[in-house]
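Each remark here refers to the structure printed beneath this line.
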Amino acid sequence: MPIRRGMGDSSMTATHAPAGEIAARRSDGEDVGARGSPEPAGEPEQGSRPVRRGRLIGEIAVELGFATAEDVEAAVVEARQRGVPTGQILTERKILRADQLARVLAERFGVEYLDLAAREPDMGAATLISPEAARRYRAIPVGFAEDGALLLAMADPANVLTVDDVAMITGHRVRVLAASAEDLAQLAGRLERLGEEAIEDIEAPEDGEREEEPQHLAEEADRDAPIVKLVHSLIAQAVSQGASDIHITPQDADTTVEYRVDGVLHRAATIKRRMTLGVISRIKIMADMDISERRVPQDGRLAVTLAGSRVDIRVATLPLVHGEAVVLRILDSGAVVRDLGSLGMSDRERFDAALARPNGAVLVTGPTGSGKSTTLYAALDALRDGQRSILTIEDPVESRLAGVRQLQVAPKIGLTFQRGLRSILRSDPDVIMVGEIRDRETAQIAVEAALTGHLVLSTLHTRDAPSALGRLIDMGVEPFLVSAAVDCVVAQRLVRVLCASCKRPMRGLADGVREDLRLGEAEIFEPVGCPRCANTGYRGRVGVYEVMSVTEEIRSLVLERSLVGSVAAAAERDGMRRLRDDGLEKVRQGLTSIAEIERMTSSLL
């Protein structure tokens with residue numbers, strides 16, 4: 001009996017079977033014990049090889065080396081006896097795995113096979129149908145093709161009724177991909193769990209700015225609203241991938257979503273224009289921002305709970321020519337490293353010696369996203385001995401530490417860094433951590449605290465360690481105070497670590513380059529790319545550091561307002577290793593690549 005097309009216009013491409021005379025098939029697209037079903041007309045555009053007419057899955061399984069002819073013949077006999085598809089028998093007998101069956105079906109119907117275990121779906125596409133529909137159809141949208149077609153991963157690539165239904169539900173042309181039924185079921189379950197958490201896991205920031213939690217938002221929101229699920233899915237996926245930022249940027253047509261993973265932006269999703277405004281409005285509501293104002297930048301904060309872990313997020317909007325862009329900075333307390341030994345810090349002895357002093361200032365410098373807060377938290381963890389009073393003032397509190405009193409600034413109610421820091425000094429602290437020195441007043445208070453018996457930890461935005469001392473002077477702190485207060489400055493960057501599964505020795509490295517970079521005879525590796533590292537060649541990050549102890553010579557140079565170069569030269573004479581040199585040492589150790597060090601430290605040359 002021929003299968004009829006549905007009512008919707010799926011605009012079917014050559015990547016899946018057309019309507020017409022198609023023999024009755026079961027869920028895996030195989031004829032039931034018969035051989036004469038017509039094949040899709042024409043040569044497909046995708047697939048590993050052109051589809052030949054009359055090929056059955058048993059033949060293809062043998063050709064691909066997944067099964068023997070004897071196994072297939074026995075499976076065909078049983079399939080005819082039971083009236084079930086041959087593919088079902090092959091999987092029941094464990095002759096074929098679910099992913100192998102999907103590869104066979106992709107070959108039979110001339111479509112591309114998609115390994116969902118190695119590719120994260122585009123959440124902008126995945127949330128276009130409900131998880132219930134995904135389970136019913138055994139199909140999930142996973143992204144968009146360059147021509148705008150919706151990529152639909154299916155367990156049964158020949159099911160044209162499902163293609164028509166999805167096209168009608170989403171309003172998109174559909175291009176079919178073959179995927180494992182097991183992978184599709186797991187993905188549908190994950191999307192279902194995300195949908196269940198999408199409302200109840202949204203929390204208000206605990207910053208003292210609000211008198212009550214905005215529970216009415218959760219009550220008014222529709223649990224099945226696709227925009228609510230999409231926003232939550234984007235955040236959850238970013239956290240699961242270890243992203244530090246989410247960039248939502250409107251373009252001429254659609255809106256792109258990018259995740260910053262290991263310091264590099266990666267395309268993660270596409271949001272269709274008709275949903276863009278709703279997504280941005282949803283984020284602004286969660287962050288307690290004015291949804292009616294789209295002409296000026298805004299800042300806000302929100303918090304979600306994922307898998308029992310609280311994740312704080314800073315939100316910033318920016319009005320661009322194509323619409324309002326949003327950047328979400330993820331502050332995942334569960335991802336914070338709290339062990340100094342695992343940071344990979346060179347000259348650790350200098351840093352430890354500064355922390356061992358009862359007073360003085362220890363500064364950590366670097367650009368945004370260079371891991372400064374991680375280093376400070378690791379230092380605080382090392383200082384928690386139960387005998388000292390430790391107080392912090394942060395914006396926001398990125399990680400909660402037992403035994404440490406932490407204060408979060410709330411500018412809307414007047415709790416600024418300056419006001420909070422003055423209050424902390426009246427609370428008998430031994431150790432003070434200031435999240436960031438941003439202005440003259442905060443710098444003055446922090447320096448004075450370091451001179452009056454407190455150990456002060458803080459961060460600055462400078463390109464290297466010697467520049468930090470001049471930066472404090474530029475802020476308005478007197479040179480004699482800076483020279484007396486600061487004991488140690490750490491500058492750092494984060495570089496990507498080569499994927500251990502696919503890195504390979506670098507070929508063609510000229511002797512002159514080895515000599516210039518002082519690489520010696522060490523074996524140097526380069527990135528390749530594999531499914532484990534999302535084909536980037538890197539997995540994780542490690543810090544490169546320069547640790548500068550403020551010696552008497554450097555103090556004298558600060559009093560004389562000497563140039564940064566003079567301070568740097570004095571620090572090098574004292575044994576300080578520069579950022580680039582520390583990075584090249586990690587190249588010699590096989591941790592990272594020359595290209596990565598050049599990318600992160602080229603501005604320091």
>> Please check if the number of heavy atoms outside Glu526 that lie under 6.0 Å from its CD is greater than 12.
In response: yes
>> Using the rule side-chain contact (heavy atoms from CB on, under 4.5 Å), only one of Thr317, Val231, Leu328 pairs with Ile248; which is it?
In response: Leu328
> Got a second to check how far Thr536's OG1 is from His266's NE2, nearest 0.5 Å?
Replying inline: 5.5 Å
> Can you check salt bridge (Lys or Arg N to Asp or Glu O under 4.0 Å) on Arg260 and Glu258, steps first, answer last?
Replying inline: CA-CA 7 Å; Arg260 187 179 293 280; Glu258 297 172 302; over 6 Å; no
>> Restricting to non-hydrogen atoms, name the atom on Ser233 and the atom on Met123 that form the minimum distance, rounded to 0.1 Å.
In response: CB-SD, 3.8 Å
> Is the side chain of Arg173 donor-acceptor paired with the backbone N or O of Asp147 at a distance under 3.5 Å, no angle test?
Replying inline: yes
> So, Arg493 side chain and Ser370 main chain: donor-acceptor pair closer than 3.5 Å or not?
Replying inline: no
> Can you find a heavy atom in the side chain of Val239 that is under 4.5 Å from one in the side chain of Ile330?
Replying inline: yes
>> Using the rule side chain to side chain donor-acceptor pair (under 3.5 Å), only one of Asp165, Asp156, Asn159, Thr162 pairs with Tyr137; which is it?
In response: Asp165
> Side-chain contact, heavy-atom cut-off 4.5 Å: Val257 with Ile246?
Replying inline: yes
>> Within the structure provided, determine whether Asp71 and Arg93 are in side-chain contact (heavy-atom separation under 4.5 Å).
In response: no
>> Has Lys284 got a side-chain atom pairing as donor or acceptor with Glu293's backbone, closer than 3.5 angstrom?
In response: yes
> Under 3.5 Å, is there a donor-acceptor pair between the side chain of Lys503 and the main chain of Gly590?
Replying inline: yes
> Is the side chain of Ser281 donor-acceptor paired with the backbone N or O of Gly278 at a distance under 3.5 Å, no angle test?
Replying inline: no
> Going by an N to O cut-off under 4.0 Å, is there a salt bridge joining Asp245 and Arg329?
Replying inline: yes
> Does Tyr259 use its side chain to pair, donor to acceptor, with the backbone of Leu234 at less than 3.5 Å?
Replying inline: yes
> Salt bridge or not for Glu596 and Arg496, using N-O below 4.0 Å?
Replying inline: yes
>> Rounded to the nearest 0.5 Å, what separates atom NE2 in His247 from atom CG in Leu318?
In response: 11.5 Å
>> Apply side chain to side chain contact (heavy atoms under 4.5 Å, CB included) to residues Asp115 and Asp99 and explain how you reach the verdict.
In response: CA-CA 8 Å; Asp115 183 1; Asp99 64 310; over 6 Å; no
> How far apart are the closest heavy atoms of Cys502 and Val528, and which atoms are they?
Replying inline: O-CG2, 2.9 Å
> Side chains of Leu150 and Val166: closer than 4.5 Å at any heavy-atom pair?
Replying inline: yes
> Can a salt bridge be assigned to the pair Arg135 and Glu132 using a cut-off of 4.0 Å between side-chain N and carboxylate O?
Replying inline: no
> Can you name the nearest heavy-atom pair linking Arg541 to Gly369, along with the distance?
Replying inline: NH1-O, 3.9 Å
> So, Asp122 side chain and Thr270 main chain: donor-acceptor pair closer than 3.5 Å or not?
Replying inline: yes
>> For a 4.5 angstrom cut-off between non-hydrogen side-chain atoms, does Val315 reach Met286?
In response: no
> Between the main-chain N or O of Gln251 and the side-chain N or O of Thr255, is there a donor-acceptor pair closer than 3.5 Å?
Replying inline: no
>> Using a 3.5 Å distance criterion without hydrogens, assess whether the side chain of Asp299 forms a donor-acceptor pair with backbone atoms of Ala316.
In response: no
> Which heavy-atom pair separates Ile140 from Ala188 by the least distance, and what is that distance?
Replying inline: CD1-N, 3.6 Å
>> I need the single residue from Arg80, Arg82, Gln81 that forms a side chain to side chain donor-acceptor pair (under 3.5 Å) with Glu78. Which is it?
In response: Arg82
> How close do Ala153 and Leu184 get, heavy atom to heavy atom, and via which atoms?
Replying inline: O-CD2, 3.7 Å
> Looking at side-chain heavy atoms only, is the closest gap between Val495 and Tyr538 below 4.5 Å?
Replying inline: no
> So do the side chains of Val587 and Thr592 get within less than 4.5 Å of each other, counting heavy atoms only?
Replying inline: yes
> If only atom types and distance count, is the side chain of Arg103 paired as donor or acceptor with the main-chain N or O of Ala61 below 3.5 Å?
Replying inline: no
> Considering all heavy atoms of both residues, which atom of Val142 and which atom of Ala125 are nearest to each other, and what is their separation?
Replying inline: C-CB, 4.1 Å
>> For a 4.5 angstrom cut-off between non-hydrogen side-chain atoms, does His232 reach Ile235?
In response: no
> Got a sec, which residues hit ring-ring contact (aromatic ring centres under 6.0 Å, His included) with Phe144, two or more places apart in sequence or on another chain?
Replying inline: His172
